[in-house]
Undergrad: 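Quick one: structure below, then a few questions.
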Number of protein chains: 2
Amino acid sequence: MVESILESLKTAGKKLTKPRKALLEILESSPLPITAAEVYARLRKGRHAIDLVTVYRNLAMLQELGLVNPVGLHEGQMRYEVCHGREHHHHIQCRGCGLIVDLLLCPIKKLTDLVERQTKFAIEGHALEFVGWCPQCR
Amino acid sequence: MVESILESLKTAGKKLTKPRKALLEILESSPLPITAAEVYARLRKGRHAIDLVTVYRNLAMLQELGLVNPVGLHEGQMRYEVCHGREHHHHIQCRGCGLIVDLLLCPIKKLTDLVERQTKFAIEGHALEFVGWCPQCR
DNA sequence: TCCTAATTGCAACTGAGCTGCATTTAGCAC
DNA sequence: GTGCTAAATGCAGCTCAGTTGCAATTAGGA
């Protein structure tokens with residue numbers, strides 16, 4: 001289990017319960033963003049069945065603490081990935097098979113300044129997702 | 001009513017029914033992306049009440065024909081805007097009041113080539129959305 | 001060990017969006 | 001204009017993601 005996450009939880013006055021520990025292990029072991037339902041399913045397969053509501057509540061809490069990233073690929077459900085030790089990045093998803101690949105790049109920083117000047121918004125975040133056809137499906 | 005839309009519908013063998021005409025008028029008169037529920041509500045206020053299902057089905061069809069653009073701001077529902085006569089563009093939304101502003105820029109073309117080379121995907125589209133605080137709410 | 005705030009599980013709910021089916025309608029051929 | 005047929009509509013009921021209220025449980029500091 002990643003130390004920095006445990007510390008952040010402690011600092012925020014959060015308890016390290018069994019369900020929470022099991023959920024964090026699933027999240028950390030997932031190489032790509034994962035849905036709440038998938039987390040729930042994997043927990044059921046293992047011997048750590050926890051309620052789906054608990055999954056949702058924990059994901060929301062972890063997101064609020066900035067420990068997990070929501071990834072919205074417009075599939076009708078959200079995905080989540082742990083932030084720890086990962087560069088800020090984006091995703092590309094295949095229209096055919098749903099395959100998701102990380103993109104280790106983000107050219108948006110300069111653009112953000114431009115948009116802030118243009119709109120007078122204080123920009124807090126951005127989302128950049130590509131869709132297309134993967135080598136198998138194209 | 002925009003001619004090019006009517007032509008596209010005819011070419012695709014789609015009928016120009018009263019509900020469809022009313023929906024198109026609402027869409028065309030909306031300066032910013034609008035949700036299905038909002039379309040439905042405006043139609044009810046006017047004298048052209050149509051079923052919410054009809055709204056969904058028409059939006060899906062128009063999207064398939066490439067006549068409207070889906071805008072996913074992760075609000076828990078989709079928004080739609082007519083493409084006709086509009087530059088390809090992106091959006092910024094205020095976390096406070098939900099205000100949406102068009103951004104008349106898209107620096108993603110060069111990036112797309114890079115991502116295609118890097119991932120071997122055939123890229124079909126991309127989504128770029130900013131969130132932040134508008135001048136009133138910041 | 002005790003205590004309390006945090007957390008959990010359950011059940012019931014909300015809200016977006018979809019499906020099946022019988023009925024209606026646009027728009028073409030005559 | 002009339003008749004015809006495929007397309008479109010409205011209704012009812014459904015699915016699926018995610019949330020809420022509440023009583024019961026638990027982590028972890030005093």
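Each chain gets a letter, A, B and so on, in the order the sequences are listed, and its residues count up from 1.
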Undergrad: Among all residues two or more places apart in sequence or in another chain, which pass the salt bridge (charged side-chain N to carboxylate O under 4.0 Å, His left out) test with E75(A)?
TA: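 E75(A) satisfies salt bridge (charged side-chain N to carboxylate O under 4.0 Å, His left out) with R79(A) only.
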
Undergrad: Identify, with sequence neighbours excluded, every residue that meets salt bridge (charged side-chain N to carboxylate O under 4.0 Å, His left out) alongside E81(A).
TA: R86(A)

Undergrad: Would you list the pairs meeting salt bridge (charged side-chain N to carboxylate O under 4.0 Å, His left out) in which at least one residue belongs to residues 7-21 of chain B, sequence neighbours left out?
TA: none

Undergrad: Is the shortest side-chain N/O distance from Y56(A) to OP1 or OP2 of dT19(D) below 4.0 Å?
TA: no

Undergrad: Kindly list each side-chain donor-acceptor pair under 3.5 angstrom involving residues 60-67 of chain B, sequence neighbours excluded, with atom names and distances?
TA:
none

Undergrad: Can you see which heavy atom on I26(B) is nearest to which on R42(B), and at what distance?
TA: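 Looking at all heavy atoms of both residues, the shortest contact is CD1-CB, 3.7 Å.
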
Undergrad: Taking five pairs at each end of the helix from dT1(C)-dA30(D) to dC30(C)-dG1(D), what angle separates the two helix axes (nearest 10°)?
TA: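 Axis angle across the helix from dT1(C)-dA30(D) to dC30(C)-dG1(D), nearest 10°: 30°.
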
Undergrad: Counting the atoms with a prime plus P, OP1 and OP2 as sugar-phosphate, which does I50(A) contact under 4.0 Å by heavy atoms, base, sugar-phosphate, or nothing?
TA: sugar-phosphate

Undergrad: For the pair made of CG in L23(B) and C1' in dG10(D), what is the distance, rounded to whole Å?
TA: 15 Å

Undergrad: At a heavy-atom distance below 4.0 Å, which nucleotide of DNA chain C is the first touched by chain B, and which is the last?
TA: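 So the outermost contacting nucleotides come out as dA16(C) to dG27(C).
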
Undergrad: Which pair of non-hydrogen atoms, one from I34(A) and one from L27(A), has the smallest distance, and what is that distance?
TA: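 Heavy-atom minimum between the residues: CG2-CD2, 3.6 Å.
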
Undergrad: Going by the rule salt bridge (charged side-chain N to carboxylate O under 4.0 Å, His left out), which residues pair with E28(A) if we only count those two or more places apart in sequence or in a different chain?
TA: none

Undergrad: For a quick test of reading the model, state the closest non-hydrogen atom pair linking L59(B) to A36(B) and the distance between them.
TA: CD1-CB, 3.8 Å

Undergrad: Under a single-linkage definition using a 4.5 Å side-chain heavy-atom cutoff for Ile, Leu, Val, Met, Phe, Trp and Tyr, are M78(B) and L73(A) assigned to the same hydrophobic cluster?
TA: no

Undergrad: Near DNA chain C, under 4.0 Å by heavy atom, which residues of residues 36-46 of chain B?
TA: none

Undergrad: Between dA7(D) atom P and N58(B) atom CG, what is the distance in whole Å?
TA: 15 Å

Undergrad: Provide the closest heavy-atom pair for V53(B) versus D51(B) in the form atom of the first, atom of the second, distance.
TA: N-OD1, 2.9 Å

Undergrad: I'd like to check the salt bridge (charged side-chain N to carboxylate O under 4.0 Å, His left out) partners of E25(A); sequence neighbours left out, ordered by chain and number.
TA: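 Scan of E25(A) (salt bridge (charged side-chain N to carboxylate O under 4.0 Å, His left out), adjacent residues dropped) gives none.
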
Undergrad: Over how many whole Å does the gap from L62(B) atom CG to dA8(D) atom C1' extend?
TA: 13 Å

Undergrad: Could you give the side-chain donor-acceptor pairs of residues 119-131 of chain B under 3.5 Å, partners two or more places apart or in another chain?
TA:
residue	atom	partner	partner atom	Å
T119(B)	OG1	V115(B)	O	2.8
T119(B)	OG1	F121(B)	N	3.2
K120(B)	NZ	R117(B)	O	3.4
E124(B)	OE1	R95(A)	NE	2.2
E124(B)	OE1	R95(A)	NH2	2.7
E124(B)	OE2	W133(A)	NE1	2.5
H126(B)	NE2	H88(B)	NE2	3.3
H126(B)	NE2	H90(B)	NE2	3.2

Undergrad: Mind listing the closest non-hydrogen atom pair of G72(B) and H74(A) along with its distance?
TA: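 Nearest heavy atoms, G72(B) then H74(A): O-NE2, 3.4 Å.
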
Undergrad: Does anything in residues 67-80 of chain B reach DNA chain C, meaning a heavy atom under 4.0 Å, and if so which residues?
TA: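 Here the set is G76(B), Q77(B), M78(B).
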
Undergrad: Using a cut-off of 4.0 Å between protein heavy atoms and nucleotide atoms, how would you tag nucleotides 20-30 of chain D 5' to 3' with B, S and -?
TA: BB----BBS--

Undergrad: For P31(A) and D102(A), which heavy atoms make the closest approach, and how far apart are they?
TA: O-OD2, 4.3 Å

Undergrad: Check whether I50(A) and Y80(A) end up in the same hydrophobic cluster, where Ile, Leu, Val, Met, Phe, Trp and Tyr are linked by side-chain heavy atoms less than 4.5 Å apart.
TA: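 I50(A) and Y80(A): one cluster.
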
